[in-house]
Amino acid sequence: MNRENKYLPFIALFLIVLISRLPFLSAGYGVEEDSWGIALAAFHTKLSGIYEPSRFPGHPVQELIYSALWGTGPVVFNLLCAIFSAAATVYFALIMRHFNFRHYFLAALAFAFVPVVYISSTYTIDFMWSETFVLMSFYLLLKNRLVSSGILLGLAVGCRITCGVMVLPYMLILWQQGDLRSNMRSFFKITIPMGIVSLIAFLPVIIQFGTSFFMYYDQFPYPPLSKVIYKMTFGVFGFIGFTAILFFMLIILSGKNKNGNGELFAGSLDKRVVSACYLLIALYVISYFRLPQKSGYMLPVIPFAIILFGYYLSSKQFRIFSIAMILSSFFSSINLTDKLRGAEHSALALKHTISGQEIFFDVLSGPVFSDYSKRKLKMKYTDEVIQKIKGTSAKTLIISGWWYNEVVVTMLGAPTPKNVVLVPYINEEEMKRYVTDGYSITYLPEQDKYNDLMHKINSTDQLAQPF
């Protein structure tokens with residue numbers, strides 16, 4: 001194979017993934033308040049010259065780059081995430097080819113089109129940045145370029161601090177039985193450059209906040225178990241994808257995949273890699289259950305879960321598995337019908353109310369389309385809020401909760417009435433002070449409930465009224 005043909009599959013893979021993301025890069029910075037928070041922090045950092053984390057413990061590698069790019073607009077911010085996702089897909093393909101996996105191209109496409117990967121590639125969030133650096137680092141680990149692997153793992157930590165746990169599965173792969181000196185040498189070749197790069201990345205945070213920045217972000221009580229399980233299953237893989245996972249897990253456990261157990265890996269897959277995949281998945285599942293707020297927290301397990309399915313399934317089974325992963329982004333969405341932050345659905349959608357929230361199941365609309373329509377719907381309501389703010393003449397305080405970042409970022413550069421105060425959440429004592437100062441306190445939809453949860457009070461709707 002000549003040099004050009006050698007790289008052609010990877011160039012094609014990069015372009016396929018990047019082009020697939022392009023239609024979904026508009027509609028602001030994303031559906032999450034954190035994505036708009038990254039934009040707001042970038043603005044403040046650019047304005048003041050002092051690094052501001054969007055939320056603790058900080059994601060300085062991504063946030064500092066975005067602050068340098070402030071003013072280019074959300075499409076550019078989102079495009080960077082799309083480019084990172086395409087690079088991550090290429091590196092996962094390189095990893096699978098290194099393992100001599102027969103369907104490495106298909107495995108990479110399966111990774112790229114898992115709903116949480118696809119969606120996280122289309123808006124401003126750190127998930128794909130960190131995952132790209134992890135996969136690059138893992139590939140260099142397999143090539144025994146340990147110092148370079150550690151540097152890239154440090155960059156991953158600079159995007160998401162939880163990436164530091166990768167050291168454990170790395171050492172499991174490198175472990176040489178009965179050779180402690182070699183094992184310690186390998187450990188330090190990775191951890192020293194990782195530590196140095198991580199320290200440099202977090203230095204702006206440490207200078208401002210000391211070690212107090214080392215905290216995880218948790219505002220509200222632990223969510224219901226049903227929501228926790230939904231987010232780590234259907235929220236990650238979609239209905240089709242997770243159904244396929246359950247189906248093939250049953251086949252594997254029943255022992256009916258006699259042609260599996262490594263036959264797709266020419267030769268065999270090192271048992272240490274298989275064990276490392278299990279360890280990594282276990283570590284991230286434990287981490288997720290500590291703070292189960294977003295499906296994206298489970299994204300790091302996806303490439304390693306695909307490796308395991310590639311190990312246990314036959315060629316035909318793996319092809320079906322991969323096709324299911326690809327289709328899962330485009331069909332069978334499960335989402336909210338909420339008129340302000342829900343998703344569009346077809347007339348054939350089935351609806352059901354769970355815990356006071358109406359949800360739908362729509363075969364004809366996939367998670368990617370649902371996410372994009374939610375982004376547009378939230379932007380529409382944000383514009384309505386801003387128009388009402390501009391027409392407000394009375395002294396007013398607005399408890400805006402998860403709408404805060406989006407409203408503030410959308411209003412940047414526009415004159416804001418001096419009589420209007422916008423806050424995410426506010427405690428009872430401060431509310432009473434504003435009332436004494438002649439302010440009318442209002443709240444955006446549902447934020448009376450979340451303000452009470454945030455401050456462990458039961459008085460928001462007594463002191464405030466709907467906006």
Side-chain angles (χ1 to χ4, degrees), residues 34 38 51 53-65 84 88 91-92 95 120 125-142 145-175 183-207 209-218 232 272-273 275-294 296-305 307:
D34 287 348
I38 291 170
Y51 167 67
S54 61
R55 68 256 190 235
F56 286 113
H59 308 75
V61 169
Q62 186 199 36
E63 291 165 342
L64 286 169
I65 291 173
F84 269 92
Y91 270 90
F92 184 54
I95 289 165
S120 299
I125 200 68
D126 47 81
F127 299 139
M128 287 313 306
W129 288 57
S130 58
E131 187 64 12
T132 303
F133 287 128
V134 163
L135 291 173
M136 293 171 71
S137 170
F138 187 66
Y139 178 69
L140 292 177
L141 176 87
L142 299 174
R145 294 169 60 183
L146 302 188
V147 173
S148 297
S149 176
I151 291 170
L152 285 163
L153 191 56
L155 289 172
V157 171
C159 292
R160 284 194 73 80
I161 202 166
T162 52
C163 293
V165 303
M166 289 296 301
V167 168
L168 296 177
Y170 278 18
M171 288 311 301
L172 188 58
I173 291 171
L174 293 172
W175 189 261
N183 292 332
M184 293 305 296
R185 189 183 301 117
S186 297
F187 176 75
F188 287 122
K189 279 185 176 180
I190 293 173
T191 56
I192 290 175
M194 181 193 79
I196 292 171
V197 173
S198 300
L199 180 63
I200 293 170
F202 278 95
L203 202 57
V205 198
I206 296 169
I207 289 171
F209 304 102
T211 56
S212 64
F213 83 93
F214 194 73
M215 57 181 285
Y216 62 87
Y217 183 71
D218 191 13
M232 71 179 295
R272 290 175 299 178
V273 174
S275 299
C277 289
Y278 277 117
L279 175 60
L280 182 140
I281 291 169
L283 290 170
Y284 274 101
V285 167
I286 292 168
S287 174
Y288 170 79
F289 274 106
R290 288 196 64 194
L291 185 64
Q293 300 290 359
K294 302 184 193 315
Y297 295 168
M298 290 294 292
L299 193 153
V301 312
I302 293 170
F304 300 95
I307 291 173

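Throughout, numbering of the chain's residues begins at 1 and tracks the sequence. Values reported hereafter were calculated over all heavy atoms of this structure, with side chains retained and with hydrogens, waters and symmetry mates removed.
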Gln62 meets the side chain to side chain donor-acceptor pair (under 3.5 Å) criterion, sequence neighbours left out, with none
Mind running side-chain contact (heavy atoms from CB on, under 4.5 Å) on Phe127 and Tyr297 for me, showing each step along the way? CA-CA 8 Å; Phe127 299 139; Tyr297 295 168; 3.9 Å; yes
Here the salt bridge (charged side-chain N to carboxylate O under 4.0 Å, His left out) pairs for residues 147-161, sequence neighbours left out, are Asp126-Arg160
query: Would you say the side chain of Phe187 lies within less than 4.5 Å of the side chain of Val167, judging by non-hydrogen atoms?
result: yes
Between Leu152 and Leu140, the two heavy atoms sitting closest are CD1-CD1, 3.2 Å
Between Thr162 and Tyr284, the two heavy atoms sitting closest are O-OH, 3.4 Å
Value for CG (Leu280) from CD1 (Ile173), rounded to nearest 0.5 Å, stands at 9.0 Å
So side chain to side chain donor-acceptor pair (under 3.5 Å) across residues 130-140, not counting sequence neighbours, yields Ser137-Ser149, Ser137-Tyr170
Nearest heavy-atom approach of Ala156 to Cys163 is O-SG, 3.7 Å
Give the C-alpha distance, both sets of side-chain angles, the deciding distance and a yes or no for ring-ring contact (aromatic ring centres under 6.0 Å, His included) between Phe92 and Phe304.
CA-CA 10 Å; Phe92 184 54; Phe304 300 95; 7.7 Å; no
For residues Phe209 and Pro53, determine if any side-chain heavy atom of one lies less than 4.5 Å from a side-chain heavy atom of the other.
yes
Contacts of Phe84 meeting ring pair (Phe, Tyr, Trp, His ring centres under 6.0 Å) (sequence neighbours excluded), chain-then-number -> Trp129, Phe133
Heavy atoms of Ser54 and His59 approach each other most closely as OG-ND1, 4.3 Å
Interatomic distance, CG@Leu146 vs CD1@Ile190, rounded to 0.5 Å, equals 5.0 Å
Sorted by chain and number, sequence neighbours left out, salt bridge (charged side-chain N to carboxylate O under 4.0 Å, His left out) with Arg272 holds for Asp270
Checklist entry - Any side-chain heavy atom of Met128 within less than 4.5 Å of one from Ser120? => result yes
Can any side-chain N or O of Ser198 pair as donor or acceptor with the backbone N or O of Met194 at less than 3.5 Å?
yes
Can you confirm whether Leu153 sits close enough to Met136 that some side-chain heavy atom of one is under 4.5 Å from a side-chain heavy atom of the other? no
State, with a plain yes or no, whether a side-chain heavy atom of Phe202 is found less than 4.5 Å away from one of Val157. yes
Taken to the nearest 0.5 Å, the spacing of Ile38 CD1 from Ile125 CD1 works out to 4.0 Å
- request: For the residue pair Leu135 and Pro303, establish whether any side-chain heavy-atom pair is separated by less than 4.5 Å.
  value: yes
Residues Asn183 and Met171: closest non-hydrogen pair is O-CE, 3.4 Å
Are the side chains of Leu174 and Leu141 in contact, using a 4.5 Å heavy-atom criterion?
yes
With sequence neighbours left out, the residues meeting side-chain contact (heavy atoms from CB on, under 4.5 Å) with Ile196 are Ile192, Ile200
key: Flag side-chain contact, heavy atom, 4.5 Å: Met166 against Leu283   = no
Correct closest heavy-atom pair for Gly296 and Pro300 would be O-CD, 4.0 Å
